[in-house]
A.B. asks: 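Quick one: the structure is below, and I'll ask about it shortly.
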Number of protein chains: 2
Amino acid sequence: MDTADRLIESTRELLWERGYVGTSPKAILQRSGAGQGSMYHHFTGKPDLALAAERRTVDEMRATVDALLSGPGTARERIAVYLRRERDVLRGCPVGRLTMDPDVVASPELRAPVEELFTWLRGRLTALVAEGQASGEFAPGLDPADTAAAIAATLQGGYVLARASDSVEPFDRAVSGILALLGPTP
Amino acid sequence: MDTADRLIESTRELLWERGYVGTSPKAILQRSGAGQGSMYHHFTGKPDLALAAERRTVDEMRATVDALLSGPGTARERIAVYLRRERDVLRGCPVGRLTMDPDVVASPELRAPVEELFTWLRGRLTALVAEGQASGEFAPGLDPADTAAAIAATLQGGYVLARASDSVEPFDRAVSGILALLGPTP
DNA sequence: GTCTATACGCCGATAGAC
DNA sequence: GTCTATCGGCGTATAGAC
């Protein structure tokens, strides 16, 4: 892993832990072991480095989630696998977290990767819900896009509830709750 | 409104807009029109002032939501009124937002009001779901606490999706989605 | 490519006068 | 109660040597 890579990886960690506003170049340098000069040689500044970190996180997330949602099993089973996927729940979602960052939302460049990921996710889930309706797993009256948004929102909101309580319990309950609402386990 | 009040109100606004990490005493002073000396006369420092602001926001939120959930109508109707309540969706939830703040979550004092609100909310929704089951509105097989967590999470996650897209649409879809899953509108 | 030096304003607070 | 002065450290770079 070269210096630019180490800078990006350290930035990814810090963005996840502390957000954009809470992450300073100095903290990135300390964590990565790089020097001031290296950082400003490889990147134009904090926004540029954050963008590189965001892109890597989003690309990785999309690949991981895509693999889960494209796996074996019924539509319902794949949604359950996705929602119950092993996570460090109290750390929150490294992408969703950025939506609470005022400087990210205010910058079209910094918000773009976040928007892309969630738009893709909702589309992917929409198709999966429609597939489940075709196979008779889900009620035919459901709107696939609305249902997909509710599933994605439950996950993101589950992180909020868990962090509020410093406990995984509300997250697990929310996931169980949405899965139960989707229909009885066959 | 006296000086202490103006300091608290300005802090509430800034915590909502920029979070705890992103809010500086200087910004609070500028917005409130108070001077340095006033602030440190009325409050011991930034955490103390933030705590006062949090408490006021949480108290107000609880009163508002309690009124909606205690209003007229069936359990389902009251949940719908709550979820569809007029909101400036893109601003996000002033309480949920704080869960993404590392310094808030790391401090038992600063996290306490957030935890209290969400614990209260889930309890209130749990009772309402149980009420709806008793009246035959909701499926008897649902776990009320899990369902309540899913409802609360959908709302919080709806904000995340909306801010990611800079659009209210995913929020509205998520709300419609969870309401549809709760059962057909009579 | 990486290092050190330098800059200048903001952060969060304390001190002491009025 | 409120004001101004002062403080050491951090945030976010730029400059120029090696």
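Throughout, a chain's letter reflects where its sequence line sits, starting with A, and its residues are numbered from 1.
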A.B. asks: Please name all residues satisfying side-chain contact (heavy atoms from CB on, under 4.5 Å) with B:Gln30, sequence neighbours left out, ordered by chain then number.
C.D. replies: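 By the side-chain contact (heavy atoms from CB on, under 4.5 Å) rule, B:Gln30 matches B:Lys26.
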A.B. asks: Under the side-chain hydrogen bond (donor to acceptor under 3.5 Å, both in side chains) definition, can you give me all pairs with a residue in residues 139-153 of chain A, not counting sequence neighbours?
C.D. replies: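 Qualifying pairs, neighbours excluded: A:Asp146-B:Arg173.
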A.B. asks: Establish, yes or no, whether the cationic atom of B:Arg91 lies under 6.0 Å from the six-membered ring centre of B:Trp16 and within 45° of the ring axis.
C.D. replies: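 Satisfied, under 6.0 Å and within 45°.
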A.B. asks: Under the rule for side-chain contact (heavy atoms from CB on, under 4.5 Å), what residues qualify as partners of A:Glu131, not counting sequence neighbours?
C.D. replies: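 Only A:Arg78, A:Leu128 meet the side-chain contact (heavy atoms from CB on, under 4.5 Å) criterion with A:Glu131.
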A.B. asks: If hydrophobic residues (ILVMFWY) are linked whenever their side-chain heavy atoms come closer than 4.5 Å, directly or via other members, who joins B:Val105 in its cluster?
C.D. replies: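 Listed partners: none, B:Val105 stands alone.
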A.B. asks: Looking at DNA chain C, which of residues 2-12 of chain A put a heavy atom within less than 4.0 Å of it?
C.D. replies: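 Within residues 2-12 of chain A, the residues near DNA chain C are A:Thr3.
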A.B. asks: Per the ring pair (Phe, Tyr, Trp, His ring centres under 6.0 Å) rule, what does the pair list look like for residues 132-181 of chain A, sequence neighbours excluded?
C.D. replies: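 Counting only pairs at least two positions apart or across chains, the ring pair (Phe, Tyr, Trp, His ring centres under 6.0 Å) contacts touching residues 132-181 of chain A are A:Tyr159-A:Phe171.
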A.B. asks: Could you list the residues that satisfy side-chain contact (heavy atoms from CB on, under 4.5 Å) with A:Ala52, not counting sequence neighbours?
C.D. replies: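 With neighbours one apart ignored, the set is A:Ile8, A:Phe43.
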A.B. asks: By side-chain hydrogen bond (donor to acceptor under 3.5 Å, both in side chains), which residues pair with B:Thr64, not counting sequence neighbours?
C.D. replies: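 Scan of B:Thr64 (side-chain hydrogen bond (donor to acceptor under 3.5 Å, both in side chains), adjacent residues dropped) gives none.
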A.B. asks: Can you tell me if A:His42 touches the phosphate of C:dT2, counting only side-chain N or O atoms and a distance under 4.0 Å to OP1 or OP2?
C.D. replies: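 So the side-chain polar atoms of A:His42 do come within 4.0 Å of the phosphate oxygens OP1 or OP2 of C:dT2, strictly under.
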A.B. asks: Mind checking side-chain contact (heavy atoms from CB on, under 4.5 Å) for B:Ser70 and listing every partner two or more places apart, or none if nothing turns up?
C.D. replies: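 Per chain and number, B:Ser70 pairs via side-chain contact (heavy atoms from CB on, under 4.5 Å) with B:Asp66, B:Arg124.
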A.B. asks: Mind checking what makes salt bridge (Lys or Arg N to Asp or Glu O under 4.0 Å) contact with B:Arg163, not counting sequence neighbours?
C.D. replies: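 Once residues adjacent in sequence are excluded, B:Arg163 has no partner under the salt bridge (Lys or Arg N to Asp or Glu O under 4.0 Å) criterion.
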A.B. asks: Could you list by number each residue of residues 28-35 of chain B showing a heavy-atom separation from DNA chain C of less than 4.0 Å, or answer none if no residue does?
C.D. replies: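 Residues of residues 28-35 of chain B that come under 4.0 Å of DNA chain C do not exist, since none gets that close.
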A.B. asks: Which pairs, protein N/O on one side and nucleotides 10-13 of chain D N/O on the other, fall under 3.5 Å?
C.D. replies:
unit_1, atom_1, unit_2, atom_2, d
D:dG11, OP2, A:Ser24, OG, 3.4
D:dA13, OP2, A:Lys46, N, 3.3
D:dA13, O5', A:Tyr40, OH, 2.8
D:dA13, N7, A:Gln36, NE2, 2.8
D:dA13, N6, A:Gln36, NE2, 2.8

A.B. asks: Atom CE of B:Met39 to atom P of C:dT14: distance rounded to whole Å?
C.D. replies: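 For the pair B:Met39 CE and C:dT14 P, the rounded distance is 11 Å.
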A.B. asks: Provide, to the nearest angstrom, the distance between the NE2 atom belonging to B:His41 and the C1' atom belonging to C:dA17.
C.D. replies: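 Answer to the nearest Å: 16 Å.
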